[in-house]
**Q** 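This is the structure I have questions about; it appears just below.
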Number of protein chains: 2
Amino acid sequence: MVATALRLVDDVGVQAFTVRMLADALGSGTATLYRHFTGRDEILVYVVDHVLGEITTPAPDGGASWQESLVAVADGLYGTLRRHPHIVPLLIAQVPVGPNGLAQRERVLRLLAERGFPADLGARAFTAVTHYVIGFAAQQHGPGSADPDGAPALAAFYRGLDPAAFPSITAASQALTDTPLEEEFHFGLGLLVRGLELLRDEPPQG
Amino acid sequence: MVATALRLVDDVGVQAFTVRMLADALGSGTATLYRHFTGRDEILVYVVDHVLGEITTPAPDGGASWQESLVAVADGLYGTLRRHPHIVPLLIAQVPVGPNGLAQRERVLRLLAERGFPADLGARAFTAVTHYVIGFAAQQHGPGSADPDGAPALAAFYRGLDPAAFPSITAASQALTDTPLEEEFHFGLGLLVRGLELLRDEPPQG
DNA sequence: ACCTGAACACCGTTCAAGT
DNA sequence: ACCTGAACACCGTTCAAGT
């Protein structure tokens, strides 16, 4: 049921996902769905949590450093969102408070606490990293939300700009032309982790 | 016209914003709007760009360091998104390629280039910072997208969890209870800027 | 008790008809 | 030439009627 909804969302996107579609795919009427869910929004909440359940987080007992573990968590979330790009807008509209979302949050916060992070610093680190991952995944769509394959179209758009009017954008666009997305993603992620190292080992001061 | 659309979106949100609403507010019929815009989505593109035009970026000639300037840019975007929270989902669905969005991008990239950033590093820095700001602004809604005032509801939700089942989440929730959102925002932002300092002054190595 | 066809009140978009 | 009322083909949700 939730799996069917996820498959439909993966196929056609959140916007085009329809209660009637789901009912047809399940071989029932729309009214039947309202006996299991309060409405379309609740279905999507379960879809999001189902996706979060796919994330493979590193074993908490492994010998990995917290830096490696945090990067692994970010990679897991990022990879999952790359596999389900249509889920990203949903993860932005709702803070994931389903069972899988909560379990994942708990796991990461405990991992950070075990490695010496005060509770508030760990929570902020988690927020900063997940915000970054979601934000990055979200921006990988072309201009206009309806664009099917986004990143290449966006790069082409930037290259098509007038270099005289936007010299810095076109220069940067050329420099980034052959930078894989994964590398760009890890670049910003590395910034966050390095900053966290500094803050964990010295007292914060504003 | 765009200003009227923005006011409506600010009032009722993107989801509830209706072409009929806009037509009524303008004292015309819906069909008239389709003579100026190709459709609802295009109206929203202009609404987003109109909001981005409100951002006050620091003067490029001032004596501020690039760190201060970058923080000021992030603050400007963040403050604008706080004033127009309903715009955030739109900024996620579309890369802002309207005139104001492009001008802002160009301004920041030039500023970074003038302060010694290679073109690719500047572009990645801009992406990382804007992703972070948008992602952070996006998460400030409670569980379920329909929730009117989000952050307090979310905090209450976390505090209502079973401490035995989610010890780390509840501990972190208590520690963060009296942390203002602005402080939490600047925390992650500071991480990014610090990481950028390291990468600008030493050669990048993966 | 559980399911559901048909209806309700919308929505974005279009087009023939008016000025 | 420009505008627009009315219609079209949907949508999420509900409810009376069926089993």
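In what follows, chains are A, B, ... by sequence order, proteins preceding strands, each numbered from 1.
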**Q** For the pair made of CD in Gln15(A) and P in dG12(D), what is the distance, rounded to whole Å?
**A**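 Computing the Gln15(A):CD to dG12(D):P distance gives 11 Å.
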
**Q** Are the side chains of Ile43(B) and Phe17(B) in contact, using a 4.5 Å heavy-atom criterion?
**A** yes

**Q** Where the side chain of Val19(A) is defined as all heavy atoms beyond and including C-beta, which of dT13(D), dG5(D), dT4(C) is the nearest nucleotide?
**A** dT13(D)

**Q** From dC2(D), dT14(D), dA7(D), pick the nucleotide closest to the side chain of Arg35(B)?
**A** dC2(D)

**Q** Rounded to whole Å, how long is the line connecting atom CZ of Arg20(B) with atom C1' of dA9(C)?
**A** 11 Å

**Q** Determine the contact category for Phe17(A): base if any of its heavy atoms lies under 4.0 Å from a base atom, sugar-phosphate if only primed atoms, P, OP1 or OP2 are that close, otherwise nothing.
**A** sugar-phosphate

**Q** Is there a donor in the side chain of Asp10(A) and an acceptor in the side chain of His86(A), or the other way round, less than 3.5 Å apart?
**A** no

**Q** Atom OH of Tyr34(A) to atom C1' of dA16(D): distance rounded to whole Å?
**A**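 Rounding to the nearest Å, OH of Tyr34(A) and C1' of dA16(D) are 18 Å apart.
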
**Q** Using side-chain hydrogen bond (donor to acceptor under 3.5 Å, both in side chains) as the criterion, point out the one residue from Arg107(A), Arg105(A), Arg110(A), Glu106(A) that pairs with Ser168(B).
**A** Glu106(A)

**Q** Does dG5(D) pair with anything, Watson-Crick or G-U wobble, both distances under 3.5 Å, and if so, with which nucleotide?
**A** dC15(C)

**Q** Of the options dC3(D), dG12(D), dC11(C), whose atoms approach the side-chain atoms of Thr32(B) most closely?
**A**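 My answer, after comparing the listed nucleotides, is dC3(D).
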
**Q** Glu42(A) has an atom CD; how far is it from atom P of dT13(D), in whole Å?
**A** 11 Å

**Q** How long is the line joining CE of Met1(B) and P of dC3(D), in whole Å?
**A**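 In whole Å, dC3(D) P and Met1(B) CE are 10 Å from each other.
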
**Q** Looking at dC10(C), which nucleotide sits across from it as a Watson-Crick or G-U wobble partner, both distances under 3.5 angstrom, or is there none?
**A**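 Its partner: none found.
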
**Q** How many whole angstroms separate atom CZ of Phe37(A) from atom C1' of dT13(D)?
**A**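 About 16 Å, once rounded to whole Å.
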
**Q** Could you please spell out the steps behind the ring-ring contact (aromatic ring centres under 6.0 Å, His included) verdict for Tyr158(B) and Phe166(B)?
**A** CA-CA 9 Å; Tyr158(B) 281 141; Phe166(B) 302 103; 9.4 Å; no

**Q** Could you state the NE2-P distance from His36(A) to dT13(D), rounded to the nearest angstrom?
**A**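 Distance check: His36(A) NE2 to dT13(D) P gives 16 Å.
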
**Q** Counting heavy atoms from C-beta on, name the nucleotide in dC15(C), dT13(C), dT14(D) closest to the side chain of Ala31(B).
**A**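 The answer is dC15(C).
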
**Q** Within this structure, what is the CZ-to-P distance between Arg40(B) and dG12(C), rounded to whole angstrom?
**A**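 Arg40(B) atom CZ is separated from dG12(C) atom P by 6 Å.
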
**Q** Base, sugar-phosphate alone, or nothing: which one does Thr30(A) contact when heavy atoms must sit under 4.0 Å apart?
**A** base

**Q** Between Glu183(B) and Arg124(A), does at least one N-O distance fall below 4.0 Å, as a salt bridge requires?
**A** yes

